[in-house]
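Just so it is clear: chains get the letters A, B, ... in the order the sequence lines come, proteins before strands, and each one is counted from 1.
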2 protein chains.
Amino acid sequence: MECKEIKQDEHKKEMMAIQDTMDVLQGKWKIAILTSICFYNKRRFSDILNDVSGISNKMLSKELKELEINQLIKRTILDTHPVTVRYQLTEHGKTLRTIIDNMTDWGFHHRKKIIGK
Amino acid sequence: MECKEIKQDEHKKEMMAIQDTMDVLQGKWKIAILTSICFYNKRRFSDILNDVSGISNKMLSKELKELEINQLIKRTILDTHPVTVRYQLTEHGKTLRTIIDNMTDWGFHHRKKIIGK
DNA sequence: CAGAATCCCCTTGGATACTG
DNA sequence: CAGTATCCAAGGGGATTCTG
């Protein structure tokens, strides 16, 4: 019936939205990297390398590039010796904060429920 | 200073929580699959195959297994001919609803901001 | 319908070494 | 410090076919 089909269409739109989000956030490390930058506000390459346990510099470099292309983070080369680079969230990137916070909360919740016991 | 170190530790905990969440939700399709099941409440294998555009039955099968192991979804074999299988979120899986909704919203937002124009 | 099984390509991503 | 370059292995994942 008409009502059902409209519902179907709405879900399709939502499925597409999810896919759009996933396109940007995909990759083993993207969320973790964003989280690091988000929590500390400004973060340098080597800091992130430390925050995200297990990541290699090659992967970090690659993921940062993609995040920059998607306009979620901003890269600034600082005039120091040796060179340091500062990463920050863009205004658009900051809109991910809600998702990051929710995922953090859920991680705690999940650990309590499943892992921790 | 002490204050700073405490802050550092808190962030480490949060980074760990994010990693825990990502461990469970990782994979190209997991979120999309959960979204499909979540929106429709009950969903059959072939339905999900249709909802998640691009996924193959092999991948769907694999991801569903992992989601079941992580206790996010429940699998029920229905007594029909031919056999159909119903997937639903568990109570624990339903706690992901917030994240799913946020990601849906963000997808719309992102499309408006970046993709659509 | 709901998968399991095969085949096979191509990406992901780790380890290591090197550069400005 | 912030990457780049290279090598290489594991497995992610598509297409197709088969089964109960």
Anything under 3.5 Å between a donor and an acceptor, one on a side chain of residues 96-103 of chain B, the other on a protein residue two or more places apart or in another chain? List them.
residue	atom	partner	partner atom	Å
Arg97(B)	NE	Asp101(B)	OD1	3.4
Arg97(B)	NE	Asp101(B)	OD2	3.3
Asn102(B)	ND2	Thr98(B)	O	3.2

I'd like a table of donor-acceptor pairs (distance under 3.5 Å, sequence neighbours excluded) in which one partner is a side-chain atom from residues 80-88 of chain B, with atom names and distances.
residue	atom	partner	partner atom	Å
Thr80(B)	OG1	Pro82(B)	O	3.0
Thr80(B)	OG1	Thr84(B)	N	3.2
Thr80(B)	OG1	Thr84(B)	OG1	3.1
Arg86(B)	NE	Gln88(B)	OE1	3.3

Can you give each donor-acceptor pair under 3.5 Å made by side-chain atoms of residues 65-77 of chain A, sequence neighbours left out, with the distance rounded to 0.1 Å?
residue	atom	partner	partner atom	Å
Glu66(A)	OE1	Lys30(A)	NZ	2.7
Asn70(A)	ND2	Glu66(A)	O	3.2

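The two residues Gln26(A) and Glu63(A) come nearest to each other via the heavy atoms O-OE1, 4.4 Å. For the residue pair Ser36(B) and Asp51(B), the shortest heavy atom distance occurs at OG-OD2, 2.5 Å.
Under a hydrophobic-cluster definition in which Ile, Leu, Val, Met, Phe, Trp and Tyr are linked whenever side-chain heavy atoms come within less than 4.5 Å, directly or via other members, Met22(A) and Met59(B) are assigned to the same cluster.
Annotation: proximity of residues 73-89 of chain B to DNA chain C (heavy atom, distance under 4.0 Å) is found for Arg75(B), Pro82(B), Val83(B), Thr84(B), Val85(B), Tyr87(B), numbered in ascending order.
How far OG of Ser61(A) is from CD1 of Ile48(A): 11.0 Å, rounded to the nearest 0.5 Å.
Under the side-chain hydrogen bond (donor to acceptor under 3.5 Å, both in side chains) criterion, Trp29(A) pairs with no residue, sequence neighbours left out. For Thr21(A), there are no side-chain hydrogen bond (donor to acceptor under 3.5 Å, both in side chains) partners at least two apart in sequence or on another chain. Under the ring-ring contact (aromatic ring centres under 6.0 Å, His included) criterion, Phe39(B) pairs with His11(A), sequence neighbours left out. Applying the side-chain hydrogen bond (donor to acceptor under 3.5 Å, both in side chains) criterion to Thr35(B), with sequence neighbours excluded, gives no partner residue. Residues passing the side-chain hydrogen bond (donor to acceptor under 3.5 Å, both in side chains) test with Asp47(A), sequence neighbours excluded: Arg44(A).
Ring geometry for His109(B) versus His92(A): interplanar angle of 30 to 60°, hence tilted.
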B/S/- contact track for nucleotides 7-18 of chain C, protein heavy atom under 4.0 Å
B-----BBBBB-

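Spacing between atom CG of Asp47(B) and atom P of dC1(C) amounts to 9 Å, rounded to whole angstrom units.
Rounded to 10°, the helix from dC1(C)-dG20(D) to dG20(C)-dC1(D) has 50° between the axis fitted to its first five pairs and the one fitted to its last five.
Considering only side-chain N and O atoms, Ser61(B) lies nowhere under 4.0 angstrom from the phosphate OP1 or OP2 of dA2(C).
For DNA chain D, the span of nucleotides reached by chain A at under 4.0 Å from its heavy atoms goes, 5' to 3', from dC1(D) to dC7(D).
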